[in-house]
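Below is one structure, written out as structure tokens, with a few remarks after it.
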Amino acid sequence: MNIGILALQGAFIEHEKMFDKLGISTFEIRKKSDIECEYDAIVIPGGESTVMSKLLNELELYTPLKTRIDQGMPVFGTCAGLILLAKEISNDDTVCFATMDMKVRRNAYGRQLGSFYTEAEFKGIGKIPMTFIRAPYIESVYGDAEALAEVDGHIVAARQGNMLATAFHPELNDDLSVHKYFADIVRKYSGRA
Ligand code: GLN
């Protein structure tokens, strides 16, 4: 298994370290020619969704990546990555990949004081650590999307088929369970279960 990590901006190295601890190799997607390389899944890290969206377009990565996601390649978006996957953003007009049936709110906890740590239940895993940094939350899921975790009455993780999104940063804690959860999705997709 090889996981392609979008490495334009933000917390991509932290994801690489998590997969490394699980013995899973990663590959950085930085430019158009990288798209054609062999990988089984895509990770969209946290960072700044507006900047990442702009870079995706400028570097001509947007269309080929969207095509892969539309074709069913597993994708895992954290924080800004979650925003890029959402079909609707309640406080912003610009959607990016728009592949997940969910409405999200950017900077939902405020811009400056919006960073916090908590522990909460994640469906199928149990109680896990969650670090939020100027995070969005999911106002609603619909269609085929399913909520996987809630904090203070707001959805903070969702899954739709091979697409997984968390408002928090599992890559910033030592707990590997969300990365393992995603690796299981990828393993099934690649028929290596
Ligand atoms: N506030 C950022 C955004 O709207 C997301 C923050 C993060 O990824 N940690 O893109």
Side-chain angles (χ1 to χ4, degrees), residues 3-20 26-37 39 41-70 73-117 130-139 141 145 151 154-158 160 162-173 178-179 182:
I3 311 255
I5 313 232
L6 189 63
L8 303 180
Q9 191 255 346
F12 54 89
I13 291 168
E14 289 79 357
H15 279 290
E16 293 171 13
K17 287 184 182 155
M18 297 300 268
F19 287 113
D20 188 52
T26 56
F27 157 77
E28 291 183 356
I29 301 173
R30 291 177 174 273
K31 54 186 188 305
K32 209 177 166 188
S33 58
D34 294 337
I35 299 284
E36 302 308 325
C37 296
Y39 49 94
I42 302 160
V43 169
I44 309 174
E48 196 55 44
S49 55
T50 46
V51 176
M52 234 187 287
S53 178
K54 196 166 167 275
L55 288 171
L56 280 165
N57 281 299
E58 281 175 13
L59 297 167
E60 295 177 54
L61 293 172
Y62 172 78
T63 305
L65 281 177
K66 179 162 168 58
T67 302
R68 275 166 179 70
I69 299 169
D70 285 339
M73 180 174 274
V75 62
F76 176 20
T78 54
C79 202
L82 170 146
I83 295 168
L84 298 189
L85 291 173
K87 281 194 183 164
E88 290 179 77
I89 305 172
S90 60
N91 54 347
D92 203 318
D93 294 334
T94 46
V95 289
C96 186
F97 292 118
T99 49
M100 281 185 81
D101 293 338
M102 58 187 185
K103 187 200 261 191
V104 309
R105 171 166 288 272
R106 284 189 68 199
N107 298 313
Y109 300 93
R111 273 175 190 278
Q112 299 303 326
L113 301 169
S115 303
F116 62 97
Y117 171 87
M130 299 181 179
T131 297
F132 292 81
I133 302 173
R134 291 176 294 107
Y137 60 60
I138 302 170
E139 287 185 343
V141 289
V151 169
H154 298 298
I155 304 167
V156 295
Q160 182 174 346
N162 290 334
M163 299 182 280
L164 178 68
T166 63
F168 58 94
H169 288 268
E171 76 284 9
L172 297 183
N173 293 102
V178 180
H179 287 77
F182 182 62

Can you tell me how far the CG atom of Leu65 sits from the CE atom of Met73, to the nearest 0.5 Å?
9.0 Å
For Ala157, check side chain to side chain contact (heavy atoms under 4.5 Å, CB included) against everything at least two apart and list the hits.
Phe122, Leu148, Ala149, Thr166, Phe168
Of all residues at least two apart in sequence or in a different chain, which pass the ring pair (Phe, Tyr, Trp, His ring centres under 6.0 Å) check with His15?
Phe76, His179
For the residue pair Tyr137 and His154, categorise the inter-ring angle as parallel (less than 30°), tilted (30 to 60°) or perpendicular (more than 60°).
parallel
Applying salt bridge (charged side-chain N to carboxylate O under 4.0 Å, His left out), name anything that partners Asp20, two or more places apart in sequence or on another chain.
none
For Phe116 and Tyr109, take the angle between the two ring planes, folded into 0 to 90°, and tell me which bin it lands in: parallel under 30, tilted 30 to 60, perpendicular over 60.
perpendicular
Sequence-distant partners of Glu16, salt bridge (charged side-chain N to carboxylate O under 4.0 Å, His left out), two or more places apart:
none
Applying side chain to side chain contact (heavy atoms under 4.5 Å, CB included) to Cys96 and not counting sequence neighbours gives Ser53, Leu56, Tyr62, Leu84
Closest contact, heavy atoms only, Pro136 versus Cys79:
CD-SG, 3.6 Å
Provide the closest heavy-atom pair for Leu164 versus Leu85 in the form atom of the first, atom of the second, distance.
O-CD1, 4.0 Å
Side chain to side chain contact (heavy atoms under 4.5 Å, CB included) with Thr94: which residues, sequence neighbours excluded?
Asp92
Which residues share a side-chain hydrogen bond (donor to acceptor under 3.5 Å, both in side chains) with Lys17, sequence neighbours left out:
none
Partner set under side-chain hydrogen bond (donor to acceptor under 3.5 Å, both in side chains) for Glu36, not counting sequence neighbours:
none
Main-chain N/O of Glu48 paired with Gln9 side-chain donor or acceptor, under 3.5 Å
yes
Heavy-atom pair of closest approach, residues Ile133 and Ser115:
CA-OG, 3.6 Å
Determine whether a donor-acceptor pair (N or O, by modelled atom type, separation under 3.5 Å) exists between the side chain of Asn91 and the backbone of Arg105.
no
Under the side chain to side chain contact (heavy atoms under 4.5 Å, CB included) test, which residues partner Asp101, sequence neighbours left out?
Lys87, Tyr142, Asp144, Ala145, Gln160
Salt bridge (charged side-chain N to carboxylate O under 4.0 Å, His left out) partners for Glu60, two or more places apart
Lys32
Report the distance from atom CG of Leu6 to atom CG of Leu55, rounding to the nearest 0.5 Å.
9.0 Å
Return the CE to CD1 distance between Met163 and Ile42, rounded to the nearest 0.5 Å.
11.0 Å
Can a donor-acceptor pair be found, under 3.5 Å and without considering hydrogens, that links the side chain of Asp34 to the backbone of Lys31?
yes
Sequence neighbours left out, what passes side-chain hydrogen bond (donor to acceptor under 3.5 Å, both in side chains) with Tyr39? Give chain and number order.
Arg68
Please name all residues satisfying salt bridge (charged side-chain N to carboxylate O under 4.0 Å, His left out) with Asp70, sequence neighbours left out, ordered by chain then number.
Lys66
Please report the shortest heavy-atom distance between Arg30 and Leu8, naming the atom on each side.
O-CD2, 3.6 Å
